[in-house]
Amino acid sequence: MWVLYQNEFIKREDVHIDMEDRGYQFGDGVYEVVRVYNGRCFRLIEHTDRLVASASSILLNLPHTKEEINAMLEKLVQLNQLGTGYIYLQYTRGVAPRYHGFPESTTPVLTAYVKEKPIPEKMLAEGIDVILAEDIRWLRCDIKSLNLLGAVLSYEQAKKAGKEEAILHRNQIVTECSLANIFMIKNKEIITHPVTTMILNGITRRVTLELADKHGYIVNEREFTVTELLGADEVFATGTTIEVMPVVSIDDQPVGNRLPGTITKELQALFANERNSFETRT
Ligand code: PDD
């Protein structure tokens, strides 16, 4: 496997992370996960834009331009002959003796690799069971930071309960999932948390809203409560690797009739069309 490390493409076994890397010691860095369909990066520019925004929010000066990053990532996909999967990339603030303040001068450390991951067809057709959990994350969830402990603990809580995901809420306001955005549908209205510092503005979220709007669905970006969620007609989560994923039960309570909802399935089809037409685009 070829890995992008700083400006070079090297073998996995030749990557050596320093023990004083601030990503390793403080989670001081940012990352992205980009979907790749048939060797082509999906919405790469949006991901790079978000990466640059995340870096800027943590006052991290990236050593590469967006164009350079895009070119390197496309080369990484080619070198690894990736079909359908994803790219993981991260920048840390760099290597320096452990001290909370920013180092005087250090070079950010870039690592990126790819992984095969098929479209989860069965799960998309059947939907997932989830739990509800208190949102214990920090207050800048809009930044795609390497600090994922809140998400990791919530996700693990879901897995321990034998479920696929955790829907998070802060003081009864539903924010998102541990690694996806969340939508509810009530009386044909598609509702999701607005873009604030409390959620990550997911690229899949944006594509879904874009498609829903274009096809005449009623879309409302507003806060909603756990009670509203539990009374929803349909619920679905969105994310790079899970696309538009139906949620069929929450804390063992069925959503609707415990089958993927009609509008959710329509949105899934629109998303699949987008991803397929993108695949064949030259
Ligand atoms: N997670 N919200 C959170 C907290 C996320 O971590 C993610 C993505 C999303 C969905 O964003 P997008 O549609 O751009 O993937 C929402 C990635 C995939 C991860 O951490 O693995």
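Note that ligands are numbered from 1 as they come in the structure, with each ligand's atoms numbered from 1 the same way.
The six-membered or imidazole ring of F271 lies near that of F42, with a centre-to-centre distance under 6.0 Å.
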List ligand 1's nitrogen or oxygen atoms that come under 3.5 Å of a protein nitrogen or oxygen, with the partner atom and distance.
from, atom 1, to, atom 2, distance (Å)
ligand 1, 1 (N), K144, NZ, 3.3
ligand 1, 2 (N), E176, OE1, 2.6
ligand 1, 13 (O), I203, N, 3.3
ligand 1, 13 (O), T204, N, 2.9
ligand 1, 13 (O), T204, OG1, 2.6
ligand 1, 14 (O), R50, NH1, 3.0
ligand 1, 14 (O), R50, NH2, 2.9
ligand 1, 14 (O), I203, N, 2.8
ligand 1, 15 (O), T240, N, 2.9
ligand 1, 15 (O), T240, OG1, 2.5
ligand 1, 20 (O), Y31, OH, 2.6

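Salt bridge annotation for E20-R98: absent, with no cationic side-chain nitrogen under 4.0 angstrom from a carboxylate oxygen.
Side chain of R275 to backbone of E243: no donor-acceptor contact under 3.5 angstrom is found.
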Which atom pairs, donor and acceptor, lie under 3.5 Å between side-chain atoms of residues 117-124 and protein residues at least two apart or in another chain?
from, atom 1, to, atom 2, distance (Å)
K122, NZ, E126, OE1, 3.4
K122, NZ, E126, OE2, 3.4

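Listed by chain and number, the residues in a salt bridge (Lys or Arg N to Asp or Glu O under 4.0 Å) with E266 amount to none (sequence neighbours excluded).
Cluster partners of Y24 are M19, counting Ile, Leu, Val, Met, Phe, Trp and Tyr whose side-chain heavy atoms approach within less than 4.5 Å, directly or via other members.
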